[in-house]
Each structure stands twice: as C-alpha cells, then as structure tokens.
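Single-structure report; data block below.
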Amino acid sequence: ACSIDMRKQMCRNIYLSGGGSMSPGLAERLQAEVSQLTPFNSHVQVHAGVERQYAAYIGASVVAKLPLFTELCVFKEDWDEIGPDALEK
C-alpha cells in the first residue's frame, strides 16, 4: 500500500506503451474502469501517445546512449560468475 497522495498522483499518470496498447478504445475503457475503482474526488488520466508501440524501443535507445551505459550493463561473464548478485551494482 502507498499513501493517499501517492495514489492520487499515480491515477493521474497512467501511461500506455507497447503494441498491445494499440487496441481501439483501450485508453478510454481503462480510464473509465479505473475511475470507478477510485474515490469520487480522484482524477484519473490515461496517457496514450500516438506512437506508443515504439515506447520501449525509444526508451532503450535513450538509455543505450548514456555515457554510463556500460557501467549499468550486466555482462554474461559477470552473471555466470556471481549470478543474481551481479545486479547489485
């Protein structure tokens, strides 16, 4: 559970991404259904960008261009050597 203030903020910031989110009427239906589940005074806003099917690719491209990208990567050799602890960078 999280604070009521955080829940209100989360309801105003629902973002759809990926090809599966391109179904006609999905954003409107999600907004209507989430609105029914939240208190009356909560404002629900679902953001559905026109090219959201490319959102993961665009985000990964931005991260890959960061100067620290190689430091953020977990290489196969590291994973083979120490396993899930390799994620503790």
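For the numbers below, each heavy atom of this structure counts, side chains included, while hydrogens, waters and symmetry mates do not. Keep in mind it's a predicted model, so treat the numbers as computed, not measured.
- With rounding to the nearest 0.5 Å, the separation of CE in M10 from CD in Q45 is 15.0 Å.
- Looking at S61, its side chain does come within 3.5 Å of a backbone N or O of Y57 through a donor-acceptor pair.
- Without hydrogens or angle criteria, R7 side chain to C2 main chain gives a donor-acceptor distance under 3.5 Å.
- When hydrophobic side chains of Ile, Leu, Val, Met, Phe, Trp and Tyr are connected at separations under 4.5 Å, L16 ends up clustered with I14, L26, L30, V34, V44, V46.
- In this structure, the separation between CE on M22 and OG on S17 is 11.0 Å, given to the nearest 0.5 Å.
- The CD atom of E77 sits 12.0 Å away from atom CD1 of I82, with the distance rounded to the nearest 0.5 Å.
- Taken from CG in L68 to CD in E71, the straight-line distance is 5.0 Å, to the nearest 0.5 Å.
- Distance check: L37 CG to S42 OG gives 11.0 Å after rounding to the nearest 0.5 Å.
- For the residue pair S21 / R52, a side-chain donor-acceptor distance below 3.5 Å is found, with atom types taken as modelled.
- Among residues at least two apart or in separate chains, there is no ring pair (Phe, Tyr, Trp, His ring centres under 6.0 Å) pair with a member in residues 70-89.
- Put simply, CG on D78 and CG on L87 are 10.5 Å apart, with the number rounded to the nearest 0.5 Å.
- For residues 14-37, every residue pair satisfying the ring pair (Phe, Tyr, Trp, His ring centres under 6.0 Å) rule, not counting sequence neighbours, is listed here: Y15-H47.
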